[in-house]
Structures are given as structure tokens and as C-alpha cells.
Amino acid sequence: MSDESAPPGTREKLVRTKQRWAEEGRLLTGTPADPARDRLPPGQRLVQDWPVLDLGIQPAVEEAAARLDVDGLVESPVSLSWAELLALPQEERRNDIHCVTQWSRYDNDWRGIAVQTVLAMARPGPEARFVTMESHDGYTTNLPLADLDRPENLLATHWNGWKLERQHGGPMRLVVPHLYFWKSPKWLRRITLLAEDRPGFWEVRGYHERGDPWMEERYS
Ligand SMILES: Nc1nc2c(c(=O)[nH]1)N[C@H]1C(S)=C(S)[C@@H](COP(=O)(O)O)O[C@H]1N2
Ligand SMILES: [Mo]
């Protein structure tokens, strides 16, 4: 279980406001939607721009120093340099972003490396059922392994044809489009496979363990 200490530099006031919203169940409509019929999940509104949300720390991660580690309950721990990561097959995905703070943005074109490519290299052990992910700003978030191990999930280096900007997690962030966007860590540094769930930064502050926008899993 993570403690509730925030990484140095965190905008504490903003964090407290979002935590209070979670306690109050703000923005909940109580009406699930059907992804087969609707494009906008319940309680969401469409935006054209791309808002920036983080703890207020936007680390400068030089490509030369960037690494991605996949460790924990794996048969073959992986530690990839930037060059090694880029040498893996490049893939493209188009999807919609749904943020728990109510905005959605359609048709984002991502380029990067499929998460399944690096998971296959690391070979998860039979006991591995969850992951915790750690970023260069100290942010953490968690997922069931089954939600990470999906073909649409990308270690994204490009967005709409451009190198991913630093404010959006460049040089590399995870994109897990079927869940609220707080499950998509920017400036990703490490993925650790675990037998037990370990709640991350927002999860210990009242956010939902899984975060399915179609079920409105905003808060726990
Ligand atoms: N490293 C890191 N990743 C993060 C966050 C963060 O604070 N740090 N915030 C999350 C939240 S709450 C959201 S909504 C999205 C926002 O991504 P964006 O700024 O590119 O829109 O990033 C997620 N990933
Ligand atoms: Mo968010």
C-alpha cells in the first residue's frame, strides 16, 4: 500500500481539490453508457484542444537518458535505452481520450511501441496479476495486468505526427485508451509486475481502482 506523501514540487492545493471532488462524488451521472452505441461516455464533454494535467512537475527527460524498465514478477527483466526502445517495431493507433475531470478528445493519432511487445520480452510470471507504473515526476498509477496487456495500448512517442511534447509526457508516455486518462502515465520510467494490487497516486486519494469511463468508475 502506497503512503499519501506527494512527490516534491506537487501543487498540493490542486491535489486537495481533486481529492475533495472524489470524496463528494462530483460529476457522477449514475447512468452507464454503451460503447457500442455512444461515443461519449456518461458525464463527459467534448473538447477540441488538449488540456494539460499533472502534479505541476514537468520533468525534462533527455532522450539520451530515457530508459524503460519492466521488472518485478517477470522471467526476463527488461531495461531498454531510448535507442533500444526505438529499435522495436513502431506502431500506430487512433483513439479517444477520456479524462476523469470530464473532458474527452476524439481521434488522437499516436505512434510508438506496443506495450505487448515489451511485455512479451519480459515474459510475465504466472503469479503476475497487477502492475504499478512509475514516472519521472514521482507519479504512480496501477492497473490489472489484463488492462495493460491489450493490443491498443501504446508506449507513445508521437501524437498527430509530432514528437510528443514535454507537457504531455514526452519523450514517452503510456496510452491506455479504454480507461480514464489518469491511468496513462506521462514520462514513464518503470513498469513493475506484482501479485497484489498496489494503489497509485490518485488511487490512494479516492480515485477508482480500475477507471472504466463507460461504467463511470471515477471514484472508489
Ligand atoms: N507522470 C504523470 N502522468 C500523468 C499525470 C501526472 O501527474 N504525472 N496525470 C494523469 C492525469 S490525472 C491525466 S488526466 C493525464 C493528462 O495527460 P495530458 O496532460 O497529456 O492531457 O495524465 C495522467 N498521467
Ligand atoms: Mo486526470
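We count ligands from 1, going down the list as the structure has it; atoms in each ligand are counted the same way.
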### Summary
The closest protein heavy-atom partner of atom 9 (N) of ligand 1 is L53 O, 3.6 Å

### Message
Counting only heavy atoms, tell me which of Y207, Y139, W187 gets closest to atom 10 (C) of ligand 1.
### Response
Y139

### Message
I need the nearest protein heavy-atom contact for atom 14 (S) of ligand 1: residue, atom name and distance, please.
### Response
C99 SG, 3.3 Å

### Contact (N/O only, under 3.5 Å) between S184 and ligand 1
yes

### Query
Looking only at N/O atoms, are W50 and ligand 1 under 3.5 Å apart anywhere?
yes

### Query
Of the protein's non-hydrogen atoms, which lies at the shortest distance from atom 18 (P) of ligand 1, and what is that distance?
H168 ND1, 3.5 Å

### Message
List ligand 1 atoms under 4.0 Å from P51, heavy atoms only on the residue side.
### Response
18 (P), 19 (O), 21 (O)

#### Entry: Numbered atoms of ligand 1 (with element) below 4.0 Å of W103, judged on heavy atoms
21 (O)

### Query
Counting only heavy atoms not in R11, do more than 12 sit closer than 6.0 Å to its CZ atom?
no

### Task
Sort out for me which residue in K186, Q58, R189, R190 forms a side-chain contact (heavy atoms from CB on, under 4.5 Å) with H136.
R189

### Message
Under a 4.0 Å threshold between the charged nitrogen and the carboxylate oxygen, would R210 count as salt-bridged to D197?
### Response
no

### Task
Mind telling me whether W159 and W50 have parallel, tilted or perpendicular rings, with 30° and 60° as the class edges?
tilted

### Task
Give me the ring orientation class for W110 and F181: parallel if the planes are under 30° apart, tilted from 30 to 60°, perpendicular past 60°.
tilted

#### Entry: For atom 13 (C) of ligand 1, closest protein heavy-atom neighbour
F181 O, 3.8 Å

### Query
Any idea which protein heavy atom is nearest atom 19 (O) of ligand 1, and the distance to it?
K186 NZ, 2.6 Å

### Message
List ligand 1 atoms under 4.0 Å from P185, heavy atoms only on the residue side.
### Response
3 (N), 24 (N)

### Pairing of E217 and K183 as salt bridge, 4.0 angstrom limit
no

### Message
Starting from atom 22 (O) of ligand 1, what is the nearest protein heavy atom, named by residue and atom, and what distance separates them?
### Response
R173 NH2, 3.3 Å

#### Entry: Minimum-distance protein heavy atom relative to atom 8 (N) of ligand 1
D137 OD2, 2.7 Å

